[in-house]
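Have a look at the structure below before the remarks.
The shown structure was predicted, so the numbers you read here are calculated from the model rather than taken from an experiment.
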Amino acid sequence: MPKSFPAVVALALAGACLLASPARADDADRALLSTFCDAADIKESTCTRARNYPDAGNRECDVKLTADRHSGRFIAAGNPLLVVNYESGCEPHATDNGGAVVFEQSGGKTIFRSFQPGSQVNDCVTLAKSAQQDWLMCITGHIGQGNLETGVAEFVFTQDYSRNVSISPDFLITTTDSIRAYGANVVICKERSKYFEVSDIKAGPRPQTVTVMVRHADANTIRKACRKGFPKPKEVFGKLSRGEAYVPEGYEKRGKFIIDLATRKVTPQG
């Protein structure tokens, strides 16, 4: 990052969530908002009418920047990128009521590159992939019809001929917790393991690894569930299919797993 940047903007571009004062935070966000918003439409950390918001039609779409932000060289040999979460009234529940704004840092300037609805960077770590590129690894989450879906994904960045940047998730783990939907989690008796929820992503003990906490059923848990070794859940909705069994809430295992980003292997730590 060029040293000529004002200090408050430099803090924002480094992904800092805590700044010296609210006024400084507003100044930093104002500098970012000004790349896609007229000055008269900026109110603290919110643009009340964002220019060129995707699929807006005739709507005036607001964009409120949040504290979640990450920066790195996410495109090989490209300029550093800054990814900042936002909330918007133009986004539905399907995109978790917001997304991420992507900025490029080039020649001492911050350049707006795209809105990415639904691609929030709430719980992420940045790791070196090579001398020219970084990984942005994130926990994703969404609730639909009572099912809590979480996962670990690499956010893959691509840039088109117009230099617009897009983000797509490449999942290494996906999980589903169905307690809210069915009253208990369900396993298939032929499975060797089942992941229910993943959380707390951190840099791993070795280069190019991350650790996560996983709530899961291992082979022993599944075997016990299928032999009716657990208490019957207090209340369930629907019926099990043949070869399925309930794992009541509180009977899952919880432990730390290591994900090797190069091999994509997921193994329990220790």
Side-chain angles (χ1 to χ4, degrees), residues 1-2 5 9 12-15 28-38 41-42 47 49-66 68-92 94-140 142 151-172 174 208 261-262 264:
M1 183 189 308
F5 258 66
V9 178
L13 297 181
D29 287 349
R30 178 175 287 272
L32 298 176
L33 292 169
S34 66
T35 63
F36 60 83
C37 191
D38 294 335
D41 296 324
I42 297 175
C47 173
R49 184 167 55 182
R51 294 194 297 266
N52 301 317
Y53 193 83
D55 302 320
N58 294 323
R59 296 177 298 169
E60 295 182 356
C61 291
D62 63 306
V63 171
K64 179 182 179 180
L65 302 182
T66 74
D68 296 302
R69 53 194 69 187
H70 297 271
S71 63
R73 293 186 179 275
F74 301 128
I75 297 177
N79 291 319
L81 299 177
L82 170 67
V83 190
V84 182
N85 269 11
Y86 73 87
E87 300 168 356
S88 176
C90 283
E91 290 302 323
T95 50
D96 295 314
N97 308 112
V101 192
V102 183
F103 302 93
E104 181 179 355
Q105 304 167 39
S106 177
K109 297 180 180 180
T110 302
I111 305 166
F112 168 79
R113 287 305 182 199
S114 69
F115 294 109
Q116 295 293 303
S119 294
Q120 283 87 346
V121 288
N122 298 317
D123 190 0
C124 305
V125 294
T126 301
L127 301 169
K129 184 175 186 179
S130 66
Q132 294 80 33
Q133 189 175 8
D134 297 318
W135 266 301
L136 182 62
M137 304 299 304
C138 298
I139 300 288
T140 66
H142 182 75
V152 177
E154 175 192 357
F155 276 19
V156 180
F157 294 75
T158 55
Q159 194 164 36
D160 63 20
Y161 67 93
S162 299
R163 301 189 65 81
N164 293 320
V165 176
S166 60
I167 303 175
S168 60
D170 179 13
F171 285 95
L172 285 78
T174 57
Q208 300 189 350
L261 304 182
R264 303 175 71 90

With sequence neighbours left out, the residues meeting salt bridge (charged side-chain N to carboxylate O under 4.0 Å, His left out) with Glu104 are Arg113, Arg163

dist Ser114:OG -> Asn52:CG (nearest 0.5 Å) comes out at 12.0 Å

Here the gap from Lys64 atom NZ to Glu87 atom CD, rounded to the nearest 0.5 Å, amounts to 5.5 Å

Interatomic distance, CD@Gln116 vs CG@Asn164, rounded to 0.5 Å, equals 9.0 Å

Note: His70 and Cys124 closest approach over all heavy atoms is CE1-O, 3.4 Å

Minimal heavy-atom distance between Val84 and Thr66, with the atoms involved, is CG1-O, 3.9 Å

So CG of Asn122 and CG of Asn85: to nearest 0.5 Å the spacing works out to 5.0 Å

Tightest non-hydrogen contact, residues Asp62 and Ser88, listed as O-OG, 2.7 Å

Would you say the side chain of Val83 lies within less than 4.5 Å of the side chain of Phe74, judging by non-hydrogen atoms? yes

Only one of Leu136, Leu261, Asp134 passes side chain to side chain contact (heavy atoms under 4.5 Å, CB included) with Leu127, and that residue is Leu261

Across all chains, not counting sequence neighbours, the ring-ring contact (aromatic ring centres under 6.0 Å, His included) partners of Tyr53 are Phe115

Practice problem: Check whether any side-chain heavy atom of Asp170 sits under 4.5 Å from a side-chain heavy atom of Arg264, and report yes or no. | Solution: yes

One should read off an interatomic distance between Ile111 CD1 and Leu81 CG, to the nearest 0.5 angstrom, of 10.5 Å

Margin query: Set out, in order, the CA-CA distance, both residues' side-chain angles and the distance that settles side-chain contact (heavy atoms from CB on, under 4.5 Å) for Leu82 and Leu32, then state yes or no.
Written below: CA-CA 10 Å; Leu82 170 67; Leu32 298 176; 4.0 Å; yes

For this session: Kindly indicate whether the side chain of Trp135, heavy atoms from C-beta on, has any atom under 4.5 Å from the side chain of Ser130.
Result: no

Heavy-atom nearest pair, Gly98 first then Gln120, reads C-NE2, 3.3 Å

Heavy-atom nearest pair, Asn79 first then Arg73, reads CA-NH1, 3.9 Å

d(Phe155 CZ, Met137 CE) to nearest 0.5 Å is 9.5 Å

Residues passing the salt bridge (charged side-chain N to carboxylate O under 4.0 Å, His left out) test with Asp96, sequence neighbours excluded, are none

Residues Arg51 and Asp38: closest non-hydrogen pair is NH1-OD1, 2.7 Å

Are there over 12 heavy-atom neighbours, none belonging to Asp160, within less than 6.0 Å of that residue's CG? yes

